[in-house]
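What follows is one structure encoded as structure tokens, with my remarks underneath.
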Amino acid sequence: MSRLACLAVPLFPLAARLRSEPDLLDEAVAVFEGSGNAARIVAATRRARRGGIRRGMTLPQARALMPKLCARARDGECERAAQESLLEAAEGLSPRVEDAGEGVAFLDLAGLERHFPGARPEESVGRARAAAAERAGLPARVGIASSKLAARVAAETPASPTIVAPGEEAGFLAPLPLARLAPEAEVVEVLGRWGIRSIGDLARLPRNEVASRLGPPGRRLHERARGLDSRPLVPRLRPPSFDEGMDLDWPLVALEPFLFVGRAALERLCRRLEARGLGCARLEIALRLEPDGHHLASIRLPAPSRDVKTLLTLVRLDLEKRPPPAPVIGFRFAAHPDRPREAQRSLFGPTALSPDRLATTLARLFALLGPEGIGSPAAVDGHRPERSALAPYAPPPQAEVKPEPRPGRGLLAVRVLRPPVRLEVIAGGDREAPGRPLEVRPAVEEAGAKRPRIAGRVRVASGPWSLEEGWWTDDGADREYWDLELAGGGVYRVYRDRASGEWLADGVYD
């Protein structure tokens with residue numbers, strides 16, 4: 001016999017709102033639905049209920065009882081995000097989870113007793129799921145039974161977790177009022193004339209007699225009253241993205257108040273990603289504008305990240321670059337997840353750089369310098385030494401063992417100067433090298449610039465080496481390269497542009 005657990009959040013519209021605004025937990029808060037004088041209370045906190053606020057009251061009636069009542073409208077974005085968070089808390093234990101809507105989730109407990117050894121494994125399972133929902137900001141109750149109906153009813157009881165033993169579903173449901181089965185109105189009217197008030201009263205009636213008089217609805221209701229629920233568990237498909245957002249009670253025009261509200265949403269989003277071992281690879285921003293406008297933006301991160309400060313900085317820079325044209329009355333952040341980079345720890349070598357810290361650093365550089373300023377240098381096919389391009393940065397995996405140094409002859413490395421340093425060169429020489437540089441000095445003194453000052457008598461000059469590239473284009477090159485060692489120290493790579501006769505230094509040998 002299969003065993004099912006039900007996670008149910010009491011007063012779900014209120015719980016979803018308090019999850020987005022935790023500062024209201026100790027206040028008298030009521031959530032209403034509708035507008036104007038027709039707005040009615042759907043849920044209220046314990047402090048508000050002590051003041052006389054009840055479900056079904058109109059908002060003016062509630063304010064008459066409590067003038068300082070903090071009223072919030074039902075927020076579809078908050079409730080949708082809270083429902084996703086509840087389902088993720090359930091998926092942390094079982095891969096088979098059904099979304100029953102409105103703060104209710106069912107999960108299959110088959111095989112989970114092996115992970116909770118002891119005398120009461122189901123009670124341990126229930127407590128673990130309640131704690132997971134509590135960490136997600138949702139006060140959930142847990143019920144466990146062999147049918148969805150019994151598990152749902154058990155989850156609605158104050159004691160949590162409530163466990164219905166296999167085969168005792170009918171006895172558990174018997175004393176409960178008939179309304180707990182949510183029967184159809186016509187069936188309720190007929191059963192009321194028969195004097196049926198509880199679920200047990202209906203279960204004691206002959207099955208065939210109920211089916212012949214009430215038809216298929218009566219037959220299904222009778223089966224549920226006996227604890228038989230033929231509805232199977234329908235696992236949900238996991239969403240490709242994680243969303244957080246809310247509707248604002250007043251329009252926001254300035255950026256700072258919006259970032260203050262958005263930071264809390266990003267924190268909830270990152271907690272959900274962390275619980276699944278994922279990072280945000282692309283962040284989508286959807287703003288609802290007053291009165292009926294929309295503003296969309298998409299931010300692609302160089303590496304999956306869960307750093308709230310980094311994501312908030314990216315949102316700030318994007319909105320500063322493209323501000324919304326109207327006041328914001330609602331928002332939604334959608335994180336498209338990906339697996340963060342993994343690194344194997346080394347027992348004997350140096351500590352490898354944390355992938356999370358690397359992703360955070362890359363994202364901040366990406367935000368400051370833009371997508372065109374971040375990457376790894378890559379060679380470009382051509383003859384000019386300064387030719388290069390930026391490729392996407394992907395660090396190689398750490399070597400398992402330290403590689404042996406390769407034998408070499410101590411080759412020099414060239415540090416490229418960008419842009420090249422303009423020089424004045426005194427040239428002379430013999431017949432073999434009539435343009436041999438004899439002395440160099442800067443053509444222009446750059447005050448305050450952190451540029452090398454190349455000046456002095458030339459001790460050794462190697463060259464010339466001719467380079468000609470793209471002579472058929474406007475930006476072609478016709479150069480004469482020299483390697484110069486100066487008397488004051490330093491070895492430089494310089495060239496003369498044959499078209500203009502100008503001398504430039506474009507590299508330093510280290």
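The side-chain heavy atoms of L273 and P337, taken from C-beta on, include a pair separated by under 4.5 Å. With contacts defined as side-chain heavy-atom distances shorter than 4.5 Å, the pair R54/R49 qualifies. A 4.5 Å side-chain heavy-atom check between C280 and R306 finds every atom pair outside the cut-off.
Side-chain N/O atoms of S146 and E169 include a donor and acceptor closer than 3.5 Å.
For the residue pair A211 and R219, the shortest heavy atom distance occurs at CB-CB, 4.0 Å. Of all non-hydrogen atoms in D307 and T310, the two that sit nearest each other are OD2-OG1, 2.7 Å. Between L4 and S147, the shortest heavy-atom distance links the atoms CD1-C, 4.2 Å. The nearest pair of heavy atoms linking I329 to L289 is CD1-O, 3.8 Å. Considering all non-hydrogen atoms of both residues, L86 and L7 come closest at CD1-CD2, 3.9 Å. Heavy-atom minimum distance, A151 versus C6: O-CB, 3.5 Å.
With respect to E102 and R74, a salt bridge is recorded, a charged nitrogen being found less than 4.0 Å from a carboxylate O. The pair R47-D26 does not meet the salt-bridge criterion, since no charged nitrogen lies less than 4.0 angstrom from a carboxylate oxygen. Comment: E244 does not engage R80 in a salt bridge, judged by the lack of any side-chain N to carboxylate O separation of less than 4.0 angstrom. Under 4.0 Å is where a charged nitrogen must lie from a carboxylate oxygen, and between R276 and E91 at least one such pair does. Using a 4.0 Å cut-off between charged nitrogen and carboxylate oxygen, E21 and R72 count as a salt-bridge pair.
Under a 3.5 Å cut-off, the side chain of R207 and the backbone N or O of H222 do not form any donor-acceptor pair. A donor-acceptor pair under 3.5 Å links the side-chain atoms of S212 to the main chain of N208, judged by distance alone. Of the possible donor and acceptor atoms, none in the side chain of R40 sits under 3.5 Å from a partner among the backbone N and O of F32.
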Check against salt bridge (Lys or Arg N to Asp or Glu O under 4.0 Å), D23 and R17:
CA-CA 11 Å; D23 295 339; R17 193 75 196 206; over 6 Å; no
Steps toward salt bridge (Lys or Arg N to Asp or Glu O under 4.0 Å) verdict (E88, R268)
CA-CA 13 Å; E88 290 161 14; R268 298 193 298 271; over 6 Å; no
Going through the checks in order, is the salt bridge (Lys or Arg N to Asp or Glu O under 4.0 Å) test met by D99 and R236?
CA-CA 6 Å; D99 181 5; R236 72 156 188 158; 5.6 Å; no
Using salt bridge (Lys or Arg N to Asp or Glu O under 4.0 Å), reason through R220 and E223 one step at a time and then give a plain yes or no.
CA-CA 5 Å; R220 291 192 296 268; E223 290 179 353; over 6 Å; no
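Note that CG of D243 and CD of Q83 are 13.5 Å apart. Values are rounded to the nearest 0.5 Å. Note that the CG atom of L176 and the CD1 atom of I199 stand 5.0 Å from one another [nearest 0.5 Å]. Considering CG of D108 and OG of S2, their distance stands at 6.5 Å, rounded to 0.5 Å. Atom CH2 of W194 is separated from atom CG of L202 by 8.5 Å, given to the nearest 0.5 angstrom.
Put simply, the residue from R282, H336, E84, E284 that forms a side chain to side chain contact (heavy atoms under 4.5 Å, CB included) with S241 is H336.
Within a 6.0 Å sphere centred on CZ of R55, heavy atoms belonging to other residues, nucleotides or ligands number 12 at most.
Annotation: F258 is not in aromatic contact with F260 [ring centroid separation under 6.0 Å not met].
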